[in-house]
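Report on the following structure.
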Number of protein chains: 2
Amino acid sequence: MKNMSDIIEAYLKQVLSQDEQIEIKRNEIADQFKCVPSQINYVINTRFTIEKGYLVESKRGGGGYIRIAKVKLLDDVEIIDALIDLIGTSISYNDAYSLISRLYEDEIISKREGTLMLAAIDKQTLAIEEPRACILRACILKSLFKNLKYEE
Amino acid sequence: MKNMSDIIEAYLKQVLSQDEQIEIKRNEIADQFKCVPSQINYVINTRFTIEKGYLVESKRGGGGYIRIAKVKLLDDVEIIDALIDLIGTSISYNDAYSLISRLYEDEIISKREGTLMLAAIDKQTLAIEEPRACILRACILKSLFKNLKYEE
DNA sequence: ATTTTTTTGACTAATACTGACTATTATTAT
DNA sequence: ATAATAATAGTCAGTATTAGTCAAAAAAAT
């Protein structure tokens with residue numbers, strides 16, 4: 001007998017194998033598996049991450065839900081992962097520019113997407129002093145790059 | 001779509017898809033959906049905001065009404081400028097989400113561009129506490145939107 | 001023995017629903 | 001004309017219904 005998180009994971013994936021996306025009620029699943037509701041969050045946070053190819057959205061309040069969708073990982077995942085490693089925890093605008101250029105040259109992003117990325121991380125936009133701007137820039141850039149890995 | 005507010009929203013939008021603007025009687029809609037009249041206000045205040053592209057007018061007293069109109073802007077630049085104005089100096093993630101959705105619905109940006117924009121401004125990405133995150137988010141979003149106005 | 005993963009629950013946050021009270025406008029009575 | 005009444009819509013705060021967070025305890029793996 002595996003642990004409960006694995007069982008819930010398997011159950012959700014089994015349902016997902018039939019539909020492209022599923023909508024669950026956190027409390028219902030928790031009841032079904034006799035666990036506390038927050039364990040559903042644990043399962044989702046550890047097993048249905050974007051890195052593993054899932055997109056999760058939710059809404060609270062009456063009629064609330066958690067929606068899990070399977071996304072298609074693209075071919076360029078390895079290149080992107082390599083670039084994410086290069087970003088590290090801090091990166092200058094110029095180095096970021098190089099990485100974005102690289103994505104454009106490899107035809108992973110369009111010119112317009114590249115321009116948008118640059119707009120998001122330039123010095124004037126971030127409007128803070130240097131050591132912290134580089135850290136923030138790295139966070140934003142990594143988030144942008146991660147999102148390039150999947151489709152839909 | 002399980003909760004009443006979503007159902008009422010969908011109904012109103014369906015009627016709006018046929019006419020440019022609609023005029024409803026609050027009590028009639030409340031009767032129709034078996035809810036209290038103030039729920040109609042709730043739906044309007046949460047779903048038919050100016051950020052989402054709607055204009056609402058009303059009149060009380062005999063012959064009173066609530067009029068909902070889909071705002072129509074002329075060209076892309078105008079829409080973008082209007083949205084930049086709405087950003088102001090500080091904006092929550094949810095409000096930003098509405099604005100980006102708006103650009104997508106108006107076919108000014110692709111889905112992937114929208115996803116990238118969201119990735120650049122989400123809470124986890126910015127990784128700072130709330131008052132300052134909203135300010136930073138506004139800076140980034142304005143920079144992104146401004147870039148949409150120029151094509152190469 | 002130590003580290004990692006899982007489980008738990010108290011607390012927090014977001015969204016939806018309700019009803020009593022208020023505000024405005026139109027109509028009717030004086 | 002003015003005042004009273006009827007017919008609307010608005011506000012706000014309280015309750016209900018969800019989901020999220022976080023850190024401690026427990027269990028499992030190393």
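Residue numbers start from 1 in every chain, and the chains themselves are labelled A, B, ... in the order their sequence lines are given, proteins ahead of strands. What you see is a predicted model; the values in this text were computed from it and never measured.
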Could you give the [atom1]-to-[atom2] distance, from [X] to [N], as a whole number of Å?
X	N	atom1	atom2	result
B:Glu9	C:dA16	CD	P	9 Å
B:Ile44	C:dT15	CD1	C1'	17 Å
A:Asp31	C:dT8	CG	C1'	15 Å
B:Asp6	C:dA16	CG	P	6 Å
A:Glu57	C:dT15	CD	P	13 Å
A:Gln39	C:dA10	CD	C1'	16 Å
B:Asn41	C:dT18	CG	P	14 Å
B:Lys34	C:dC17	NZ	P	16 Å

Would you indicate, yes or no, if C:dA16 has its OP1 or OP2 atom less than 4.0 angstrom from a side-chain nitrogen or oxygen of B:Tyr42?
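Answer yes for this pair, as a side-chain N or O of B:Tyr42 is under 4.0 Å from OP1 or OP2.
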When you check the phosphate oxygens OP1 and OP2 of C:dT15, does a side-chain N or O of B:Asn94 lie under 4.0 Å from one of them?
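Result: yes.
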For a quick check of understanding: with a heavy-atom distance under 4.0 Å over all strands, which category does A:Ser5 fall into, base, sugar-phosphate or nothing?
sugar-phosphate
Base, sugar-phosphate, or nothing for B:Gly64, non-hydrogen atoms under 4.0 angstrom?
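Sugar-phosphate, no base atom in range.
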Group every Ile, Leu, Val, Met, Phe, Trp and Tyr by side-chain heavy-atom contacts under 4.5 Å, then state whether A:Ile29 and A:Ile66 land in the same group.
yes
Note: chain A reaches DNA chain D at heavy-atom distances under 4.0 Å over the stretch, first to last nt, 5' to 3', of D:dT17 to D:dT21
When you measure from the centre of the six-membered ring of B:Tyr65, is the NZ or CZ of B:Lys25 under 6.0 Å away and within 45° of the axis?
no
Should the pair [X]-[Y] be classified as a salt bridge under the 4.0 Å nitrogen-to-oxygen rule?
X	Y	value
B:Arg47	B:Asp6	yes
A:Arg112	B:Glu113	yes
A:Asp76	A:Lys149	no

Using the salt bridge (Lys or Arg N to Asp or Glu O under 4.0 Å) criterion, which residues pair with A:Lys142? Sequence neighbours excluded.
none
